[in-house]
Amino acid sequence: MKESQIKAVHQRDLRRLLKSLGVLDAVRSKAKFCFFCRCTIDEERIAAVFPYREEVCFCCGNPECCSALIDFGQEEDNG
Amino acid sequence: MDKLMGALADFLVSYGGWGIVAVMFILLLFFGDRLLTTVEGFWAAFRNISSFTFKRYTSTKLCNQILHATKIINDINQDFLPYRVRIKWVKNEEIHSFLKSGQVIIRIKDDEDINKSFVLAVSEFVRQGLIHNVKRHLRDQPLVQAIDLCAVSKVLSQSYVESLSYFEKNILNNLLEKDDEFAKRFNQLRRIDYSGLFLPVFLNEMAKTMRSFDGQYFIEDFENEAKSFLKFLVDFCSDKHKKLTYSGKYIKVAFGLVANQSFIFRHGRDAYVEKVRNSLSAGAQTVYLFGWEDKVKIVRQIAERAARADLRIKKVKHHHYRHVFEDRSAARGICAEMSAIPAVSGAGARGRELVAGR
């Protein structure tokens, strides 16, 4: 049977995830930005975390950015 | 009922633990879906107690709803979407494997945020799994994106109606405004979806074509055929005097519409059966027959008669849908698929396959 896997992180585990990726300090010191709108990212604003060109990137909860993330996923598939 | 309960009690007393296992197995077999809903209900009651119970509730709800929606979609063609989705809750990730994976990790917070999270999760699920063997032959990015988002819309409408309005308002409308090419393709797909042609005909024919090219890396002219077939289907929905056949390099289909009551009365169902047989003789590999409301039963009868009368028809499948007319009124519709292409699955390959559908 075919299976698809979706990765999710609960809010309470987000800090631990960011620490394992080595970006917790940067997020806390507001040195990280949303990949799409360039707004400052913090633990409350993160909607998704994804890799791009060897970097850990973030998408904020702004609907336009979520829309861009979905769009971005298609481009990466075809690129 | 008393006799049944007595017999059940005797069975359990005689066979003890194995009896309980057998009863559970039978319950799962016949009531599996409802059991999953019960499990979801159980976790829903405790979801605010801890992050563990919230995760169990969210995973169960998301998996149940996607399972329900994809079962309906996969009834049309089991190659469309992966049958099972698994939510993997992550607490930490090794940086190198994360960077290599290319996979998005969605943050799920609480019920307030749940619509956004579910939309992202369903989009990711569709992006990963929807007819992947077809999409790798399509280089037109707006077309691929339109196919995916049309499918996301279908999955959400079957499962998360609350998330559907979030999806349309915040994500789809934004893309439609921003990208003209995407908007053109999405509107074309939505148009053919209103006539029941998106899943059972457009995606179905592309998925069926791919079966004969299993393993081939890239088919150059497939994309042109896909676009040409889409244009044909859009014209088919719109034109009053319709062209009823499409004969391409890979896709060869014919259409019929059972609508004229006086024709049925004068010539009977056999006239339609003859039209189906003539279409197959003219080279069609699949004939699709449509009907609405009181014609739904007639379409089923014609399809079944045609399958009995003509051994070329290897598979008959009925797809039920909601037909939306130009004036936005809707009617219960049926699309009967009569295929001369042998099914590749084990059961279908051994003999002719008559699938009742929903």
Side-chain angles (χ1 to χ4, degrees), chain A residues 1-24 26-27 32 34-37 41-79, chain B residues 51 54-55 58-59 62 66 81-95 98-110 113 116-117 119-125 127-129 135-136 138-141 144-145 148-149 152 166 169-175 178-179 182:
Chain A
M1 191 180 280
K2 291 179 280 186
E3 190 177 86
S4 172
Q5 182 182 274
I6 297 171
K7 285 188 174 175
V9 61
H10 189 270
Q11 179 65 31
R12 290 189 199 185
D13 300 323
L14 181 62
R15 199 169 282 184
R16 197 166 142 184
L17 173 69
L18 295 175
K19 192 177 178 185
S20 67
L21 293 173
V23 294
L24 178 62
V27 169
K32 288 288 180 183
C34 170
F35 184 83
F36 303 104
C37 69
I41 271 289
D42 57 37
E43 287 170 68
E44 284 302 310
R45 277 193 170 158
I46 294 173
V49 185
F50 61 97
Y52 180 65
R53 288 192 181 164
E54 302 294 315
E55 274 196 35
V56 178
C57 302
F58 301 91
C59 176
C60 73
N62 186 333
E64 287 197 3
C65 298
C66 293
S67 162
L69 176 64
I70 293 168
D71 201 359
F72 188 72
Q74 313 290 345
E75 283 174 13
E76 281 306 287
D77 271 356
N78 289 335
Chain B
S51 59
F54 179 79
K55 282 182 204 176
T58 309
S59 295
L62 188 60
I66 291 180
L81 271 171
Y83 188 71
R84 235 171 38 196
V85 64
R86 193 166 69 95
I87 311 300
K88 189 179 176 198
W89 291 98
V90 295
K91 289 184 183 177
N92 48 50
E93 283 274 297
E94 201 281 316
I95 181 72
F98 171 73
L99 293 175
K100 226 169 136 183
S101 71
Q103 210 174 355
V104 178
I105 302 175
I106 297 160
R107 187 210 66 180
I108 296 184
K109 192 173 162 184
D110 54 35
D113 227 21
K116 187 193 306 175
S117 305
V119 166
L120 285 177
V122 169
S123 302
E124 182 64 10
F125 170 62
R127 182 187 70 81
Q128 279 184 33
K135 286 193 293 190
R136 65 188 171 95
L138 302 176
R139 290 288 180 260
D140 185 328
Q141 193 259 339
V144 172
Q145 190 180 24
D148 277 355
L149 293 187
V152 168
Y166 174 88
K169 197 173 143 201
N170 294 296
I171 291 175
L172 186 59
N173 288 349
N174 181 49
L175 284 168
K178 193 175 78 169
D179 187 337
F182 166 79

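What you see is a predicted model; the values in this text were computed from it and never measured. Heavy-atom basis, side chains included; hydrogens, waters and symmetry copies ignored. Every chain is numbered from 1 and lettered A, B, ... according to where its sequence line falls, protein lines coming before strand lines.
Side-chain contact between Val49(A) and Phe98(B) is present, with at least one heavy-atom pair separated by less than 4.5 Å. Glu93(B) is listed as a side-chain neighbour of Lys7(A), based on a closest heavy-atom distance under 4.5 Å. With contacts defined as side-chain heavy-atom distances shorter than 4.5 Å, the pair Pro63(A)/Tyr166(B) qualifies. Within the 4.5 Å cutoff, the side chain of Trp89(B) has no heavy atoms near those of the Asp13(A) side chain. With contacts defined as side-chain heavy-atom distances shorter than 4.5 Å, the pair Val104(B)/Ile6(A) does not qualify. For the pair Ile70(A) and Leu149(B), the minimum side-chain heavy-atom distance is below 4.5 Å.
For the atom pair SG of Cys65(A) and CG of Asn170(B), the computed distance is 11.5 Å after rounding to the nearest 0.5 Å. In this structure, the separation between NZ on Lys116(B) and SG on Cys66(A) is 5.5 Å, given to the nearest 0.5 Å. Taken to the nearest 0.5 Å, the CZ atom of Arg107(B) stands 11.5 Å off from the CZ atom of Arg45(A).
There is no contact between Val23(A) and chain B, counting heavy-atom distances below 4.5 Å. Only the side chain of Leu14(A) comes within contact range of chain B, with heavy atoms under 4.5 Å apart. Both the backbone and the side chain of Arg16(A) come within less than 4.5 Å of a heavy atom in chain B.
For residues 61-70 of chain A, every residue pair satisfying the side-chain hydrogen bond (donor to acceptor under 3.5 Å, both in side chains) rule, not counting sequence neighbours, is listed here: Ser67(A)-Asn174(B).
In terms of heavy-atom pairs under 4.5 angstrom with chain B, the leader among Arg53(A), Lys19(A), Glu44(A) is Glu44(A).
Residues forming a side-chain contact (heavy atoms from CB on, under 4.5 Å) with Lys100(B) (at least two apart in sequence, or on another chain): none.
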